[in-house]
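Order of listing sets the numbers, starting from 1, for every ligand and every atom in it. Please read all numbers here as calculations on a predicted model, not as lab measurements.
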Amino acid sequence: MSKPLNAIKAKVQALRAYSLSSDRASIKLNQNENPWNLPPEIGSEILRRVNERPWSRYPDFHARALHERLAEFAGWKADGIIAGNGSNELIQALLMVTVGSGTRVLISEPTFALYRQITTVLGGEVIRVPLSSKLTYDGEALRRAIESASPQVTIICSPNNPTGCVIDPKDLESLLEATRGLIVIDEAYHEFSGESVVPLLRQHPNLIVLRTFSKAMAMAGLRVGYLLTAPELAQEIAKAVLPYNLNVISQTAAQVAVEMYESTLKPLVNLICAERDRVYERLKEIKGLEPVPSRGNFMLVRSAMSPRLVFDELLRRDILIRDVSAYPMLGNYFRISVGTPEENDQLLASLREIFGSVDTPL
Ligand code: PMP
(Lines give C-alpha, C1' and ligand atoms only; values in the text may rest on other atoms or scores of the structure.)
Protein backbone atom coordinates (compact mmCIF):
# COMPACT_ATOMS: atom_id res chain seq x y z
CA MET A 1 0.00 0.00 0.00
CA SER A 2 1.23 3.52 -0.72
CA LYS A 3 1.89 5.84 2.21
CA PRO A 4 -1.31 6.62 4.19
CA LEU A 5 -0.41 10.32 4.15
CA ASN A 6 -0.88 10.31 0.37
CA ALA A 7 -4.61 10.16 1.07
CA ILE A 8 -4.48 13.66 2.60
CA LYS A 9 -4.93 16.63 0.25
CA ALA A 10 -1.57 18.26 -0.52
CA LYS A 11 -2.90 21.70 0.45
CA VAL A 12 -3.93 20.37 3.84
CA GLN A 13 -0.50 18.81 4.41
CA ALA A 14 1.07 22.15 3.57
CA LEU A 15 -1.00 23.96 6.24
CA ARG A 16 0.38 24.76 9.65
CA ALA A 17 -2.12 23.45 12.24
CA TYR A 18 -4.19 26.04 14.12
CA SER A 19 -2.71 25.61 17.54
CA LEU A 20 -1.82 27.31 20.81
CA SER A 21 1.32 27.20 22.95
CA SER A 22 0.96 24.74 25.83
CA ASP A 23 2.50 27.14 28.35
CA ARG A 24 0.56 27.92 31.54
CA ALA A 25 0.74 30.93 33.87
CA SER A 26 -1.30 32.46 36.69
CA ILE A 27 -1.97 35.62 34.70
CA LYS A 28 -3.53 34.43 31.46
CA LEU A 29 -3.65 37.14 28.82
CA ASN A 30 -3.31 35.00 25.70
CA GLN A 31 -6.84 34.09 24.53
CA ASN A 32 -8.95 37.24 24.80
CA GLU A 33 -11.18 35.66 27.42
CA ASN A 34 -13.16 37.56 30.01
CA PRO A 35 -10.73 37.88 32.95
CA TRP A 36 -13.61 37.61 35.44
CA ASN A 37 -15.38 34.36 36.03
CA LEU A 38 -19.06 34.00 35.13
CA PRO A 39 -21.01 35.95 37.80
CA PRO A 40 -22.19 33.44 40.47
CA GLU A 41 -25.87 34.40 40.12
CA ILE A 42 -25.72 33.25 36.49
CA GLY A 43 -23.95 30.02 37.45
CA SER A 44 -26.46 29.10 40.14
CA GLU A 45 -29.46 29.85 37.91
CA ILE A 46 -27.97 27.63 35.15
CA LEU A 47 -27.55 24.75 37.61
CA ARG A 48 -31.06 25.21 39.01
CA ARG A 49 -32.64 25.02 35.55
CA VAL A 50 -30.48 22.12 34.37
CA ASN A 51 -31.29 20.13 37.51
CA GLU A 52 -35.00 20.38 36.79
CA ARG A 53 -34.52 18.50 33.53
CA PRO A 54 -34.14 14.75 32.97
CA TRP A 55 -30.54 13.91 31.98
CA SER A 56 -31.78 10.95 29.92
CA ARG A 57 -33.48 13.13 27.30
CA TYR A 58 -31.97 14.77 24.22
CA PRO A 59 -31.83 18.55 24.04
CA ASP A 60 -34.71 20.23 22.14
CA PHE A 61 -34.09 19.34 18.47
CA HIS A 62 -34.74 22.92 17.31
CA ALA A 63 -33.21 24.71 20.31
CA ARG A 64 -36.30 26.90 20.03
CA ALA A 65 -36.18 28.53 23.47
CA LEU A 66 -32.56 29.53 22.96
CA HIS A 67 -33.17 30.89 19.44
CA GLU A 68 -36.08 32.97 20.72
CA ARG A 69 -34.02 34.42 23.58
CA LEU A 70 -31.17 35.22 21.17
CA ALA A 71 -33.63 36.84 18.76
CA GLU A 72 -34.95 39.18 21.47
CA PHE A 73 -31.44 39.92 22.69
CA ALA A 74 -29.91 40.67 19.28
CA GLY A 75 -32.97 42.25 17.63
CA TRP A 76 -33.35 39.74 14.80
CA LYS A 77 -35.72 36.97 13.68
CA ALA A 78 -35.53 33.61 15.49
CA ASP A 79 -35.71 31.70 12.19
CA GLY A 80 -32.66 33.64 10.98
CA ILE A 81 -30.51 32.43 13.89
CA ILE A 82 -28.39 29.28 14.33
CA ALA A 83 -26.73 28.51 17.66
CA GLY A 84 -23.46 26.62 17.48
CA ASN A 85 -20.83 24.86 19.56
CA GLY A 86 -18.75 28.02 19.66
CA SER A 87 -18.75 30.40 16.70
CA ASN A 88 -15.93 28.24 15.29
CA GLU A 89 -18.52 25.60 14.44
CA LEU A 90 -20.60 28.15 12.55
CA ILE A 91 -17.60 29.46 10.59
CA GLN A 92 -17.03 25.85 9.56
CA ALA A 93 -20.71 25.23 8.72
CA LEU A 94 -21.06 28.30 6.56
CA LEU A 95 -17.84 27.54 4.69
CA MET A 96 -18.91 23.91 4.22
CA VAL A 97 -22.07 24.99 2.40
CA THR A 98 -20.34 27.63 0.25
CA VAL A 99 -16.79 26.44 -0.48
CA GLY A 100 -15.73 23.69 -2.87
CA SER A 101 -12.72 23.21 -5.08
CA GLY A 102 -11.45 26.62 -6.26
CA THR A 103 -14.17 28.72 -4.57
CA ARG A 104 -12.76 32.16 -3.82
CA VAL A 105 -12.93 33.46 -0.24
CA LEU A 106 -11.73 36.99 0.43
CA ILE A 107 -10.17 37.98 3.76
CA SER A 108 -8.06 40.84 5.07
CA GLU A 109 -4.79 39.87 6.73
CA PRO A 110 -3.69 39.69 9.46
CA THR A 111 -6.89 38.25 10.88
CA PHE A 112 -8.29 35.26 12.79
CA ALA A 113 -6.47 32.24 11.33
CA LEU A 114 -9.43 29.86 11.16
CA TYR A 115 -11.03 31.46 8.07
CA ARG A 116 -7.96 30.63 5.97
CA GLN A 117 -7.55 27.25 7.59
CA ILE A 118 -11.06 25.91 6.91
CA THR A 119 -11.28 27.43 3.43
CA THR A 120 -8.03 25.66 2.51
CA VAL A 121 -9.14 22.33 4.01
CA LEU A 122 -12.30 22.54 1.90
CA GLY A 123 -10.29 23.15 -1.28
CA GLY A 124 -11.15 26.84 -1.64
CA GLU A 125 -8.83 29.62 -2.73
CA VAL A 126 -8.05 32.35 -0.19
CA ILE A 127 -7.71 35.85 -1.61
CA ARG A 128 -5.86 38.13 0.80
CA VAL A 129 -6.04 41.89 1.06
CA PRO A 130 -3.50 43.39 3.48
CA LEU A 131 -4.66 45.81 6.15
CA SER A 132 -3.40 49.39 5.76
CA SER A 133 0.05 50.28 7.13
CA LYS A 134 -1.79 51.54 10.28
CA LEU A 135 -3.28 48.03 10.67
CA THR A 136 -6.80 49.27 9.84
CA TYR A 137 -9.25 48.04 7.20
CA ASP A 138 -8.56 49.30 3.71
CA GLY A 139 -12.12 49.70 2.37
CA GLU A 140 -10.96 50.80 -1.08
CA ALA A 141 -8.64 47.81 -1.52
CA LEU A 142 -11.36 45.42 -0.34
CA ARG A 143 -13.82 46.88 -2.83
CA ARG A 144 -11.32 46.55 -5.66
CA ALA A 145 -10.62 42.93 -4.70
CA ILE A 146 -14.35 42.16 -4.64
CA GLU A 147 -14.73 43.68 -8.09
CA SER A 148 -11.75 41.87 -9.60
CA ALA A 149 -11.94 38.47 -7.86
CA SER A 150 -15.71 38.23 -7.42
CA PRO A 151 -15.44 36.09 -4.27
CA GLN A 152 -18.26 33.81 -3.21
CA VAL A 153 -17.62 34.74 0.42
CA THR A 154 -15.89 37.72 2.05
CA ILE A 155 -15.07 37.42 5.75
CA ILE A 156 -14.38 40.51 7.84
CA CYS A 157 -13.62 40.29 11.53
CA SER A 158 -14.77 43.48 13.31
CA PRO A 159 -13.28 44.26 15.77
CA ASN A 160 -10.48 42.35 14.10
CA ASN A 161 -8.48 39.74 15.99
CA PRO A 162 -5.54 40.43 16.44
CA THR A 163 -5.42 44.13 15.45
CA GLY A 164 -8.58 45.51 17.12
CA CYS A 165 -9.63 47.62 14.11
CA VAL A 166 -13.29 47.85 13.01
CA ILE A 167 -14.74 48.10 9.52
CA ASP A 168 -16.20 51.53 8.74
CA PRO A 169 -20.02 51.11 8.33
CA LYS A 170 -19.94 53.11 5.06
CA ASP A 171 -17.21 50.84 3.68
CA LEU A 172 -19.21 47.80 4.67
CA GLU A 173 -22.34 49.08 2.92
CA SER A 174 -20.31 49.72 -0.21
CA LEU A 175 -18.90 46.13 -0.07
CA LEU A 176 -22.39 44.70 0.45
CA GLU A 177 -23.55 46.55 -2.66
CA ALA A 178 -20.48 45.68 -4.74
CA THR A 179 -20.38 41.93 -4.13
CA ARG A 180 -22.37 39.20 -5.80
CA GLY A 181 -21.45 36.85 -2.95
CA LEU A 182 -21.93 36.76 0.80
CA ILE A 183 -20.32 39.03 3.37
CA VAL A 184 -19.63 37.60 6.81
CA ILE A 185 -18.94 39.92 9.73
CA ASP A 186 -17.40 38.13 12.69
CA GLU A 187 -18.56 40.16 15.71
CA ALA A 188 -16.88 37.99 18.34
CA TYR A 189 -15.74 41.17 20.14
CA HIS A 190 -18.56 43.59 19.29
CA GLU A 191 -19.59 44.24 22.92
CA PHE A 192 -16.23 45.94 23.53
CA SER A 193 -16.67 48.26 20.55
CA GLY A 194 -20.27 49.22 21.35
CA GLU A 195 -21.14 48.70 17.68
CA SER A 196 -22.94 46.02 15.72
CA VAL A 197 -23.91 45.52 12.08
CA VAL A 198 -27.04 43.50 12.99
CA PRO A 199 -29.32 46.46 12.00
CA LEU A 200 -27.98 46.08 8.42
CA LEU A 201 -29.42 42.54 8.14
CA ARG A 202 -32.82 43.99 7.28
CA GLN A 203 -31.64 45.62 4.03
CA HIS A 204 -28.94 43.10 3.10
CA PRO A 205 -29.96 39.48 2.50
CA ASN A 206 -26.31 38.63 1.66
CA LEU A 207 -25.01 39.58 5.13
CA ILE A 208 -24.13 37.00 7.80
CA VAL A 209 -23.17 37.99 11.35
CA LEU A 210 -21.31 35.73 13.78
CA ARG A 211 -21.20 36.18 17.54
CA THR A 212 -19.81 34.26 20.50
CA PHE A 213 -20.39 33.72 24.22
CA SER A 214 -16.66 33.13 24.74
CA LYS A 215 -15.56 36.74 25.28
CA ALA A 216 -17.89 39.38 26.82
CA MET A 217 -20.29 36.66 28.03
CA ALA A 218 -17.52 34.94 30.08
CA MET A 219 -18.51 31.46 28.89
CA ALA A 220 -15.57 30.23 26.77
CA GLY A 221 -15.66 26.88 28.58
CA LEU A 222 -19.25 26.22 27.54
CA ARG A 223 -18.73 26.64 23.78
CA VAL A 224 -21.63 28.74 22.49
CA GLY A 225 -21.80 30.98 19.45
CA TYR A 226 -24.55 32.10 17.09
CA LEU A 227 -25.07 33.19 13.55
CA LEU A 228 -27.61 35.73 12.29
CA THR A 229 -28.75 36.04 8.70
CA ALA A 230 -31.77 35.95 6.37
CA PRO A 231 -33.96 32.91 7.23
CA GLU A 232 -33.51 31.41 3.72
CA LEU A 233 -29.72 31.42 4.15
CA ALA A 234 -29.92 30.18 7.75
CA GLN A 235 -31.91 27.16 6.56
CA GLU A 236 -29.16 26.22 4.13
CA ILE A 237 -26.26 26.75 6.56
CA ALA A 238 -28.10 24.67 9.19
CA LYS A 239 -27.76 21.65 6.87
CA ALA A 240 -24.05 21.50 7.73
CA VAL A 241 -24.63 21.63 11.50
CA LEU A 242 -24.90 18.32 13.36
CA PRO A 243 -28.16 17.54 15.18
CA TYR A 244 -27.94 18.33 18.92
CA ASN A 245 -24.71 20.25 18.38
CA LEU A 246 -25.33 22.19 21.55
CA ASN A 247 -25.73 20.29 24.82
CA VAL A 248 -28.40 21.11 27.40
CA ILE A 249 -26.02 22.82 29.83
CA SER A 250 -24.64 25.18 27.18
CA GLN A 251 -28.09 25.97 25.80
CA THR A 252 -29.40 26.77 29.27
CA ALA A 253 -26.30 28.79 30.12
CA ALA A 254 -26.66 30.95 27.03
CA GLN A 255 -30.30 31.67 27.82
CA VAL A 256 -29.53 32.69 31.39
CA ALA A 257 -26.56 34.83 30.27
CA VAL A 258 -28.65 36.90 27.85
CA GLU A 259 -31.43 37.30 30.42
CA MET A 260 -28.95 38.61 32.99
CA TYR A 261 -26.55 40.39 30.62
CA GLU A 262 -27.47 43.99 31.46
CA SER A 263 -27.32 43.55 35.24
CA THR A 264 -24.31 41.25 35.59
CA LEU A 265 -22.10 41.05 32.50
CA LYS A 266 -22.42 44.52 30.97
CA PRO A 267 -20.74 46.21 33.99
CA LEU A 268 -17.77 43.85 33.53
CA VAL A 269 -17.57 44.74 29.84
CA ASN A 270 -17.52 48.44 30.78
CA LEU A 271 -14.71 47.77 33.23
CA ILE A 272 -12.69 45.88 30.60
CA CYS A 273 -13.08 48.80 28.16
CA ALA A 274 -11.92 51.29 30.81
CA GLU A 275 -8.95 49.04 31.58
CA ARG A 276 -8.12 48.70 27.89
CA ASP A 277 -7.91 52.48 27.59
CA ARG A 278 -5.81 52.77 30.77
CA VAL A 279 -3.39 50.02 29.69
CA TYR A 280 -3.01 51.68 26.27
CA GLU A 281 -2.01 55.00 27.86
CA ARG A 282 0.44 53.34 30.29
CA LEU A 283 2.06 51.25 27.52
CA LYS A 284 2.69 54.42 25.50
CA GLU A 285 4.92 55.62 28.33
CA ILE A 286 7.21 52.59 28.16
CA LYS A 287 10.23 53.18 25.94
CA GLY A 288 10.50 50.45 23.31
CA LEU A 289 6.76 49.75 23.19
CA GLU A 290 4.04 51.17 20.96
CA PRO A 291 0.47 49.97 21.56
CA VAL A 292 -2.04 49.86 18.68
CA PRO A 293 -5.47 51.41 19.41
CA SER A 294 -8.05 48.61 19.75
CA ARG A 295 -11.83 48.32 19.96
CA GLY A 296 -11.67 44.78 21.38
CA ASN A 297 -10.66 43.39 24.79
CA PHE A 298 -7.07 42.95 23.61
CA MET A 299 -4.40 44.99 21.86
CA LEU A 300 -1.31 44.62 19.77
CA VAL A 301 1.93 46.11 20.98
CA ARG A 302 4.85 46.91 18.71
CA SER A 303 8.05 45.97 20.41
CA ALA A 304 11.67 47.03 20.00
CA MET A 305 12.65 43.70 21.55
CA SER A 306 11.90 40.41 19.79
CA PRO A 307 8.28 39.41 20.64
CA ARG A 308 9.50 35.89 21.41
CA LEU A 309 11.89 37.27 24.02
CA VAL A 310 9.13 39.40 25.56
CA PHE A 311 6.89 36.31 25.67
CA ASP A 312 9.62 34.31 27.46
CA GLU A 313 10.46 37.13 29.89
CA LEU A 314 6.79 37.55 30.82
CA LEU A 315 6.31 33.80 31.19
CA ARG A 316 9.21 33.75 33.66
CA ARG A 317 7.16 36.29 35.63
CA ASP A 318 4.06 34.03 35.46
CA ILE A 319 2.27 36.04 32.74
CA LEU A 320 1.10 34.46 29.49
CA ILE A 321 0.63 36.62 26.38
CA ARG A 322 0.33 35.81 22.66
CA ASP A 323 3.34 35.97 20.36
CA VAL A 324 1.75 36.93 17.02
CA SER A 325 5.02 37.68 15.24
CA ALA A 326 4.44 34.88 12.71
CA TYR A 327 1.29 36.65 11.39
CA PRO A 328 1.66 38.66 8.18
CA MET A 329 2.74 42.29 8.91
CA LEU A 330 3.23 41.55 12.63
CA GLY A 331 6.88 40.51 12.84
CA ASN A 332 7.50 43.08 15.64
CA TYR A 333 4.28 42.66 17.59
CA PHE A 334 2.85 40.75 20.53
CA ARG A 335 -0.79 40.70 21.64
CA ILE A 336 -2.13 41.08 25.15
CA SER A 337 -5.67 40.46 26.38
CA VAL A 338 -7.06 42.98 28.85
CA GLY A 339 -7.10 41.44 32.33
CA THR A 340 -8.42 42.55 35.71
CA PRO A 341 -6.93 45.83 37.02
CA GLU A 342 -4.53 43.86 39.26
CA GLU A 343 -3.41 41.61 36.39
CA ASN A 344 -2.90 44.63 34.14
CA ASP A 345 -0.84 46.35 36.84
CA GLN A 346 1.40 43.29 37.10
CA LEU A 347 1.77 43.13 33.31
CA LEU A 348 2.69 46.82 33.16
CA ALA A 349 5.18 46.50 36.03
CA SER A 350 6.83 43.50 34.34
CA LEU A 351 7.04 45.26 30.99
CA ARG A 352 8.59 48.33 32.66
CA GLU A 353 11.18 46.05 34.21
CA ILE A 354 11.89 44.17 30.95
CA PHE A 355 12.11 47.34 28.88
CA GLY A 356 13.87 49.37 31.58
CA SER A 357 17.20 48.91 29.86
CA VAL A 358 15.99 49.17 26.24
CA ASP A 359 17.38 52.17 24.43
CA THR A 360 16.64 51.12 20.85
CA PRO A 361 14.14 53.62 19.40
CA LEU A 362 11.17 52.03 17.62
N1 PMP B 1 -13.91 34.61 15.93
C2 PMP B 1 -12.88 35.30 16.40
C3 PMP B 1 -12.48 36.56 15.76
C4 PMP B 1 -12.15 34.83 17.49
O5 PMP B 1 -11.11 35.53 17.96
C6 PMP B 1 -12.54 33.61 18.10
C7 PMP B 1 -11.82 33.02 19.28
N8 PMP B 1 -10.56 33.39 19.52
C9 PMP B 1 -13.62 32.94 17.55
C10 PMP B 1 -14.28 33.47 16.48
C11 PMP B 1 -14.06 31.61 18.08
O12 PMP B 1 -14.83 31.74 19.18
P13 PMP B 1 -15.66 30.54 19.81
O14 PMP B 1 -15.07 30.34 21.15
O15 PMP B 1 -17.06 31.06 19.85
O16 PMP B 1 -15.56 29.34 18.92
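For Tyr333 and Tyr327, the ring centers are positioned 6.0 Å apart or more. For Tyr115 and Phe112, the ring centers are positioned less than 6.0 Å apart. Taking the six-membered ring wherever Trp is involved, the centroid distance between the rings of Phe334 and Phe311 does not fall below 6.0 Å.
With respect to atom 1 (N) of ligand 1, the closest heavy atom belonging to the protein is Asp186 OD2, 2.6 Å. Arg223 NH2, 2.9 Å is the protein heavy atom nearest to atom 16 (O) of ligand 1. Regarding atom 12 (O) of ligand 1, its nearest protein heavy-atom neighbour is Ser87 OG, 3.2 Å. Here the heavy atom of the protein found nearest to atom 7 (C) of ligand 1 is Lys215 NZ, 3.3 Å. For atom 11 (C) of ligand 1, the nearest non-hydrogen atom of the protein is Asn88 OD1, 3.0 Å. Ranking the protein heavy atoms by distance from atom 3 (C) of ligand 1 puts Cys157 SG, 3.3 Å first. Protein heavy atom at the shortest distance from atom 6 (C) of ligand 1 is Phe112 CZ, 3.5 Å.
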Self-check item: Evaluation steps, salt bridge (Lys or Arg N to Asp or Glu O under 4.0 Å), between Glu191 and Lys215
Solution: CA-CA 9 Å; Glu191 293 94 338; Lys215 313 296 175 183; over 6 Å; no

Exercise. Decide ring pair (Phe, Tyr, Trp, His ring centres under 6.0 Å) for Phe298 and Tyr189; before the verdict, give the C-alpha distance in whole Å, the side-chain angles of both, and the deciding distance to 0.1 Å.
Key: CA-CA 10 Å; Phe298 54 87; Tyr189 301 97; 4.8 Å; yes

Exercise. Check step by step if side-chain contact (heavy atoms from CB on, under 4.5 Å) holds for Ile185 and Leu210.
Key: CA-CA 6 Å; Ile185 301 292; Leu210 292 166; over 6 Å; no

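Taking the six-membered ring where the residue is Trp, Tyr58 and Tyr244 present parallel rings, their angle staying beneath 30° rather than reaching 60°.
For Thr212, a nitrogen or oxygen atom sits less than 3.5 Å from a nitrogen or oxygen atom of ligand 1, counting backbone and side chain alike. At under 3.5 Å, not a single nitrogen or oxygen of Gln31, backbone or side chain, sits near a nitrogen or oxygen of ligand 1.
Residue-ligand proximity: Tyr189 is placed with a non-hydrogen atom under 4.0 Å from ligand 1. Residue contacts with ligand 1 do not include Asn32, since none of its heavy atoms lies under 4.0 Å from the ligand.
In this structure, CG in Leu315 is found 9.5 Å from CD1 in Ile321, a value given to the nearest 0.5 Å.
Near Ser214, meaning under 4.0 Å from any of its heavy atoms, are these atoms of ligand 1: 13 (P), 14 (O), 15 (O).
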